[in-house]
Every structure is written in structure tokens, then in C-alpha cells.
A.B. asks: 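Dropping the structure in here first, questions after.
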Amino acid sequence: FAGGYTFAPGDVITWPLDFLAQDETVTLTVDVTVTDEQGATDSREVIVTVTGTNDAPVISEEPVVTGDVIEGSDLTDSGAISFADVDQTDDLTVSFNLAEAAVAWSAGTLSETQEADLLGAFSLDETLFGNDGTVTWTYDVPESVVDFLGENETVTLTIPVAVTDEEGESDSREVTITITGSNDAPEITATSDAQPETEQGVSASGTINFTDVDLNDTPDVTAAPPSVSYTAADGETDLTSTLAPAQLAAVTAAAAFAL
């Protein structure tokens, strides 16, 4: 005679075996006894060994991993990434690699230095975890790094975050951060020149320098009519009111700006 046995964890045993990590084992020993009609018996042990294989960690699909930063206002954002590994004894490492990140500017192409400065504002708690956990990412960028953005221009950063187990299996998720620009006013640096009156007349010239940190801005330069002040030799007494209209007009007409 012959008999058989079946081991089917999915049907007979109610607990799953996914908790087993690579090469871990569960051993089941079952005593089987054969008895005849006279009561004589024989016994044998049936030994079943279950060997585990590695299961990759899985990053949760929720919440959506995005961040928003606004130039001149809110320069910091943060979020959380949750993950788990059914292998009960696995230790997981969370990491990110800026070399695999992407940077896109809505108004042009950034230099390598600009990209490095923007990505360098991203940080992540790279602590070693057990087989599940939640990690916090933070984006905190200095105002000077994003000043080049004009009104409503955007920079989008896409940074992959990976969760890796001890066997090298991993899952990844992208953190997407959008930086929105605001307008920065241009700044003027002007030089003035004062000249003494001579028989040949008076001549003065100078330059007006200006900058705008918004890289794509093209400032429009205009000049208002000049104001005239007339001061006595003592350097204090204001004589402007003594000038005739024709004198004021002549002095004003002499001021010419090449813009």
C-alpha cells in the first residue's frame, strides 16, 4: 500500500509565508502513524522545510509626492514617503541620487551651477529602517538661488527616491517640486557729475547703471523732466524761486539723456 501527503500553505495553513526573507526557513515536523487491524503500528516523521525568497520593498502610492515653493514668499516645503517589505526581518535603506534627478525651467536652459544649487536644497532622512516606515523629505532653498525667476516662471525638480532591502531589491518613487517665480524690481546705480561755470559754458555727463535679477526681464528706461535747484554761494540759501521762467526753461533744456 502507499499513501501520500499534501502541503499547500495557501489552502491548509491560514498564515502566509511571505514573511520569510531570503534563505530563511520554516520546518514542519508531522508524526505519521500506520495501524493495522490488530493494533500494531509503525510511525515515521514527515519533515517539510520551507525556504524563503526575497520580496522587494514597496513604496506606498499615497499620498502624491509633490511640493510647491514660491519665490519671495514660501521657500520651504516637505512631505512623507511610506514603504513596507513583507520580509519580516529585512532592514531597509532610503536614499536619493541627484545625478538621476531632472531640472526643467519653463523659460530656458539653466547652467550646471544653477541646477546643482536648486537640487542641493533637497534633503532626506536616510536612516536605516526595519521592514517598514515613513521617511520625511524637505526642500529648503535660499532666496538668492531662485531670484533669477521672472513672474510666474517655473522650475520643476524631479528627484527619484529609492527604498532598498538587504538583497539589493528596491522600489522607487519620484518627488516632484515646483518653484514659481515672482517679479523682482530692477535696481539703479547712478553716477552724477558737477562742473563749475566757465566762459565756455558748463558740460557734465555720467552713466546710469541698472540690473534686474530676473534673467528674462527687459527693463524699459525712461527719464522724467529734471528738477532745478538754485543755491546761494553760502551753500544753504535756496534761490530757486528767484529764477525767471526763461532761465528755468533754458537750464532744463540743457539736460539731455541718451537712453
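Heavy-atom basis, side chains included; hydrogens, waters and symmetry copies ignored. Here, residue 1 is the first one in the sequence, and each next residue gets the next number.
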A.B. asks: Establish whether V46 and V34 are linked, either directly or via other cluster members, by ILVMFWY side-chain heavy-atom contacts under 4.5 Å.
C.D. replies: no

A.B. asks: Can you find a heavy atom in the side chain of L119 that is under 4.5 Å from one in the side chain of L157?
C.D. replies: yes

A.B. asks: Looking only at heavy atoms, which two atoms of T35 and T33 are closest? And how far apart?
C.D. replies: OG1-CG2, 3.9 Å

A.B. asks: Are L92 and V86 connected into the same hydrophobic cluster when the rule is that any two of I, L, V, M, F, W, Y join if their side-chain heavy atoms are below 4.5 Å apart?
C.D. replies: no

A.B. asks: Is it true that T240 and D238 share a donor-acceptor pair across their side chains at a distance under 3.5 Å?
C.D. replies: yes

A.B. asks: Are the side chains of S182 and E151 in contact, using a 4.5 Å heavy-atom criterion?
C.D. replies: yes

A.B. asks: Just do the side chain to side chain contact (heavy atoms under 4.5 Å, CB included) check on T138 and S123 with the steps written out, would you?
C.D. replies: CA-CA 5 Å; T138 301; S123 62; 3.7 Å; yes

A.B. asks: Show the numbers, then the answer: is there a side chain to side chain contact (heavy atoms under 4.5 Å, CB included) between I81 and I59?
C.D. replies: CA-CA 7 Å; I81 298 174; I59 297 176; 3.5 Å; yes

A.B. asks: Out of I179, L118, L149, which one pairs with W105 under the side chain to side chain contact (heavy atoms under 4.5 Å, CB included) rule?
C.D. replies: L149

A.B. asks: Ignoring hydrogens, what is the shortest heavy-atom contact between L110 and E115? Give both atom names and the distance.
C.D. replies: CB-CG, 4.0 Å

A.B. asks: May I have the step-by-step check of side chain to side chain contact (heavy atoms under 4.5 Å, CB included) for V94 and D125, ending in yes or no?
C.D. replies: CA-CA 8 Å; V94 184; D125 180 7; over 6 Å; no

A.B. asks: Evaluate the side-chain hydrogen bond (donor to acceptor under 3.5 Å, both in side chains) criterion for residues D234 and T237: first the C-alpha distance (whole Å), next the side-chain angles of each, then the deciding distance (0.1 Å), finally the verdict.
C.D. replies: CA-CA 7 Å; D234 61 10; T237 305; 2.7 Å; yes

A.B. asks: Identify the two heavy atoms, one from D87 and one from N131, that lie closest to each other, and give their separation to 0.1 Å.
C.D. replies: O-CB, 3.4 Å

A.B. asks: So, do V175 and F122 sit near enough that their side-chain heavy atoms are less than 4.5 Å apart?
C.D. replies: yes

A.B. asks: Calculate, to the nearest 0.5 Å, the distance between atoms CG and CG belonging to D85 and D90 respectively.
C.D. replies: 4.5 Å

A.B. asks: If only side-chain N and O atoms count, and only distance matters, is there a donor-acceptor pair under 3.5 Å linking T76 with D140?
C.D. replies: yes

A.B. asks: Where is the tightest heavy-atom contact between W137 and D77, given as atom of each residue plus distance?
C.D. replies: CZ3-O, 3.8 Å

A.B. asks: For the pair F129 and F83, name the ring-plane relationship: parallel under 30°, tilted 30 to 60°, perpendicular over 60°.
C.D. replies: perpendicular

A.B. asks: Which is it for V155 and V103 under the side chain to side chain contact (heavy atoms under 4.5 Å, CB included) test, yes or no, and what are the steps along the way?
C.D. replies: CA-CA 7 Å; V155 168; V103 182; 3.9 Å; yes

A.B. asks: Cut-off 3.5 Å, side chains only: do T154 and T178 have a donor facing an acceptor?
C.D. replies: no

A.B. asks: Could you pull out the closest heavy-atom pair between L75 and E143, with the gap in Å?
C.D. replies: CD1-OE1, 3.4 Å

A.B. asks: Please report the closest heavy-atom contact between E166 and D91, naming both atoms and the distance.
C.D. replies: OE1-N, 3.0 Å

A.B. asks: Roughly how far, to the nearest 0.5 Å, is the CG atom of L124 from the OH atom of Y139?
C.D. replies: 14.5 Å

